[in-house]
Peer 1: 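Questions regarding the structure given below will be posed in turn.
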Amino acid sequence: MADRTPVIPGFHPDPSICRVGDDYYLACSSFEYVPGVPLFHSRDLLHWKQIGNVLDRPGQLTIPSGTPASGGIYAPTLRHHDGRFWLIVTNCAEGGGNLLVTATDPAGPWSDPVPLPGVHGIDPDLAWDEDGTCWCTTAGISQVPIDPYTGRTLGAPRSLWSGTPGAKAPEAPHLYLIDGTWYLLIAEGGTERGHGVSVARGPSPSGPFEPCPANPVLSHRSTDDPVQNTGHADLVQAPDGTWWMVFLGVRPGGGSPGWHVLGRETFLAPVRWEDGWPVVGAIVAGAESAPAAYRDDFDAPDLAPGWLSPRSRPASHCTTKERPGRLTLRARGAGLDAPDVTFVGRRQDLLGCRIRTRVDPGDGRGGLAVRLDEDHHYEIEAGGGTVRVRARIGPVAAVVAEHPVPDGPLTLGVDVAELPVSDARSGPDTLTFGVSGPDGTFTALATLDGRYLSTEVAGGFTGRVIGPYAAEGTVGFDWFTSEPLQAPPAG
């Protein structure tokens, strides 16, 4: 079966979309990472460019160091109403809650958050009726009218249609007024292999709602489709009148039970209407040119919006301003095993990739890490005349290779290679860590099984993030590159 590529690859779950004229904008969850809520722009629904992050300054977002991995920012809803962009989202960290921000330009700046103390539950949605009332609907499924300018609730919450009887986790609600009828789109079945999308319709934002007889309108459960866990969808109408659905899915690899390592990605499918119900078509492949090779020489005064860090990124520990053309990282905490590690990474967006970075450890220690969370990560680290490859898998941590190197800058790398399935126990990929010489020759030091950096092993809602880190002292990085690595032929 042909590969079904996402339109936004890598850890970009819970997509929410809106259109203004010929422009589409899309936001995703970010969980424990900052900056929060990546925001993308497209003119054709296939080619997407990240134009910023909605919660990109400390005054908007606080994720305490004690926040567990896969905590933090859950499931935004992005809408355009009355000349402004509105984004509502849940911060699941301690002291968080539901919040709402606005902007006239989706690239920012976005406002300081308006707290919504009377709105309970995750996955908040915003919809305005014809009278101008703003309705907030959350997982469960519960609804309350709000004043979006003050965050004040204007009534008591009430329960709505909560999906297929017996189906777990009714969540991700979105309300739409389409041709005089209100539609309530939800996810159900849990965000694992049973995930799906169901819909109901009614005469008002509060129903009563009748379910679609063909529910779920989208699910890949119990199929051999290469894209699984499909759900958490949002609808958008194109200027030509056609309808489209964005939704999350995963691409499991290896044998049984299958391991997905990039996290939940954003996919696209066409929608047609039959008898007043949406019918979802086959996944549309993402643009062939994306993702392309990436290089960052750290020449800009600020990091590009695709770089992210767990929980916080103090300027005193991460900067490109101290030395132009260089990323300077200062260690804090106990390295990658700690929640407050100094780490700056990019989402792995290729199933097979070659990553390289030029590092100067100076008197410190640091290198290149592949992170799923603080209990599941692999890294290659330079310092004290030695390069080490280290693996952390749950409670087990070990140095799996060591190699002497001269003092001074050196190039560290990892090759992530997809694996063909040879038996039921085959892993999804391998990660080979090593050092590149002046001529570019790569000396491999250790090859590790990729399944241990997967959601099926580690749990949670995120995907792999790869990038530089500092474990001790001050460490400098001159550049970072990523490029595709072709998978070996099957058989």
Side-chain angles (χ1 to χ4, degrees), residues 3-31 33 35-56 73 75-80 85 87 89 103 105-108 110 174 227 230-240 242-251 262-271 280-296 303-308 345-351 353 462-466 482-484:
D3 182 32
R4 305 282 189 88
T5 55
V7 290
I8 305 181
F11 151 48
H12 293 105
D14 308 327
S16 182
I17 190 170
C18 70
R19 177 178 65 86
V20 182
D22 293 328
D23 297 285
Y24 300 93
Y25 300 96
L26 185 147
C28 296
S29 297
S30 49
F31 296 95
Y33 288 97
V37 189
L39 194 74
F40 295 84
H41 170 258
S42 175
R43 297 297 295 270
D44 62 4
L45 292 171
L46 296 176
H47 301 80
W48 292 89
K49 179 182 179 181
Q50 187 174 354
I51 58 174
N53 296 278
V54 174
L55 306 177
D56 62 357
I73 293 295
T77 292
L78 176 66
R79 295 292 182 257
H80 186 264
F85 290 89
L87 186 132
V89 72
D105 182 347
W110 287 77
H174 290 306
V227 180
T230 52
H232 203 117
D234 202 1
L235 291 169
V236 68
Q237 187 178 26
D240 64 2
T242 58
W243 284 85
W244 298 86
M245 178 180 283
V246 291
F247 54 94
L248 67 79
V250 305
R251 292 182 284 172
L262 303 193
R264 300 170 300 162
E265 307 174 277
T266 291
F267 292 84
L268 175 73
V271 173
V280 184
I283 288 175
V284 176
E288 293 182 1
S289 62
Y294 177 82
R295 181 182 180 96
D296 197 328
L303 285 172
W307 290 101
L308 62 165
R346 295 182 61 85
R347 297 162 175 87
Q348 183 184 333
D349 57 8
L350 292 158
L351 291 170
C353 56
T462 62
R464 289 181 186 163
V465 178
I466 305 177
S482 172
E483 61 182 1

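Residue numbers count from 1 along this sequence.
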Peer 1: State the CZ-CD1 distance between R347 and I8, to the nearest 0.5 angstrom.
Peer 2: 10.0 Å

Peer 1: Over all heavy atoms of both residues, which pair between G306 and Q50 is shortest? Give the atoms and the distance, please.
Peer 2: CA-OE1, 3.6 Å

Peer 1: Does any part of the side chain of V236, heavy atoms only, come nearer than 4.5 Å to the side chain of V246, both counted from C-beta?
Peer 2: no

Peer 1: List in chain and number order the residues that pass side-chain hydrogen bond (donor to acceptor under 3.5 Å, both in side chains) with S29, two or more places apart in sequence or in another chain; answer none if no residue qualifies.
Peer 2: D14

Peer 1: Are V20 and F85 close enough that some pair of their side-chain heavy atoms sits under 4.5 Å apart?
Peer 2: yes

Peer 1: How about W110 and L39: do any of their side-chain heavy atoms sit closer than 4.5 Å?
Peer 2: yes

Peer 1: Tell me, please, which residues at least two apart from A238 pass side-chain contact (heavy atoms from CB on, under 4.5 Å).
Peer 2: Y24, D240, T242, W244

Peer 1: Restricting to side-chain hydrogen bond (donor to acceptor under 3.5 Å, both in side chains), what partner residues turn up for H41, sequence neighbours left out?
Peer 2: D23

Peer 1: Restricting to ring pair (Phe, Tyr, Trp, His ring centres under 6.0 Å), what partner residues turn up for F11, sequence neighbours left out?
Peer 2: Y33

Peer 1: Please enumerate all residues that pass ring pair (Phe, Tyr, Trp, His ring centres under 6.0 Å) together with H12, with sequence neighbours excluded.
Peer 2: F40

Peer 1: For Q237, check side-chain hydrogen bond (donor to acceptor under 3.5 Å, both in side chains) against everything at least two apart and list the hits.
Peer 2: none

Peer 1: Start with the C-alpha distance between L262 and D349, add both sets of side-chain angles, then the distance that settles side-chain contact (heavy atoms from CB on, under 4.5 Å), and finish with yes or no.
Peer 2: CA-CA 7 Å; L262 303 193; D349 57 8; 5.8 Å; no

Peer 1: If you take all heavy atoms of P270 and A282, which pair is closest and at what distance?
Peer 2: CD-O, 3.1 Å

Peer 1: Who are the salt bridge (Lys or Arg N to Asp or Glu O under 4.0 Å) partners of R464, not counting sequence neighbours?
Peer 2: D429

Peer 1: Main chain of A27, side chain of S16: is a donor-acceptor contact present, judged purely on distance under 3.5 Å?
Peer 2: no

Peer 1: Between L235 and I17, what is the shortest heavy-atom contact and its length?
Peer 2: O-CG2, 4.0 Å

Peer 1: Is it the case that the side chain of E483 and the backbone of A293 share a donor-acceptor pair, with hydrogens and angles ignored and the cut-off at 3.5 Å?
Peer 2: no

Peer 1: With the side chain counted from C-beta on, respond yes when R79 and D234 share a heavy-atom pair under 4.5 Å apart, and no when they do not.
Peer 2: yes

Peer 1: Please identify each residue that fulfils side-chain contact (heavy atoms from CB on, under 4.5 Å) with D56, with sequence neighbours left out.
Peer 2: P35, N53, Q60

Peer 1: So do S482 and L350 actually touch side chain to side chain, heavy atoms under 4.5 Å?
Peer 2: yes

Peer 1: Could you walk me through whether E265 and T5 pass the side-chain contact (heavy atoms from CB on, under 4.5 Å) test, one step at a time?
Peer 2: CA-CA 9 Å; E265 307 174 277; T5 55; over 6 Å; no

Peer 1: Within the side chain of Q348, is there an N or O that forms a donor-acceptor pair under 3.5 Å with the backbone of G10?
Peer 2: no

Peer 1: For residues H174 and A233, report the shortest heavy-atom separation together with the two atoms involved.
Peer 2: CD2-O, 3.0 Å

Peer 1: How far apart are the C-alpha atoms of I283 and V227, what are their side-chain angles, what is the distance that settles it, and do they pass the side-chain contact (heavy atoms from CB on, under 4.5 Å) test?
Peer 2: CA-CA 9 Å; I283 288 175; V227 180; 3.9 Å; yes

Peer 1: Answer yes or no: is there a side-chain heavy-atom contact under 4.5 Å between L248 and T230?
Peer 2: no

Peer 1: Could you report the tightest heavy-atom contact between L46 and A285, atom names first, then the distance?
Peer 2: CD2-O, 3.7 Å

Peer 1: Report the residues that fulfil salt bridge (Lys or Arg N to Asp or Glu O under 4.0 Å) with R346, sequence neighbours left out, ordered by chain and then residue number.
Peer 2: none

Peer 1: With a 4.5 Å cut-off on side-chain heavy atoms, are L87 and T77 touching?
Peer 2: no

Peer 1: Is R19 close to P239 at the side-chain level, that is, under 4.5 Å between some pair of heavy atoms?
Peer 2: yes

Peer 1: Applying side-chain contact (heavy atoms from CB on, under 4.5 Å), can you list everything that pairs with A269, at least two apart in sequence or on another chain?
Peer 2: F247, V280

Peer 1: Not counting sequence neighbours, which residues clear side-chain hydrogen bond (donor to acceptor under 3.5 Å, both in side chains) with D22? List them please.
Peer 2: none

Peer 1: Going by side-chain contact (heavy atoms from CB on, under 4.5 Å), P76 matches just one of L26, V89, V54, L55. Which one?
Peer 2: V89

Peer 1: Check for a donor-acceptor pair, side chain of S42 on one end and backbone N or O of W48 on the other, with a separation under 3.5 Å.
Peer 2: no

Peer 1: Tell me, please, which residues at least two apart from W307 pass ring pair (Phe, Tyr, Trp, His ring centres under 6.0 Å).
Peer 2: F298, F480

Peer 1: The test is side-chain contact (heavy atoms from CB on, under 4.5 Å); show your working for V37 and I73 and say whether it passes.
Peer 2: CA-CA 7 Å; V37 189; I73 293 295; 3.7 Å; yes

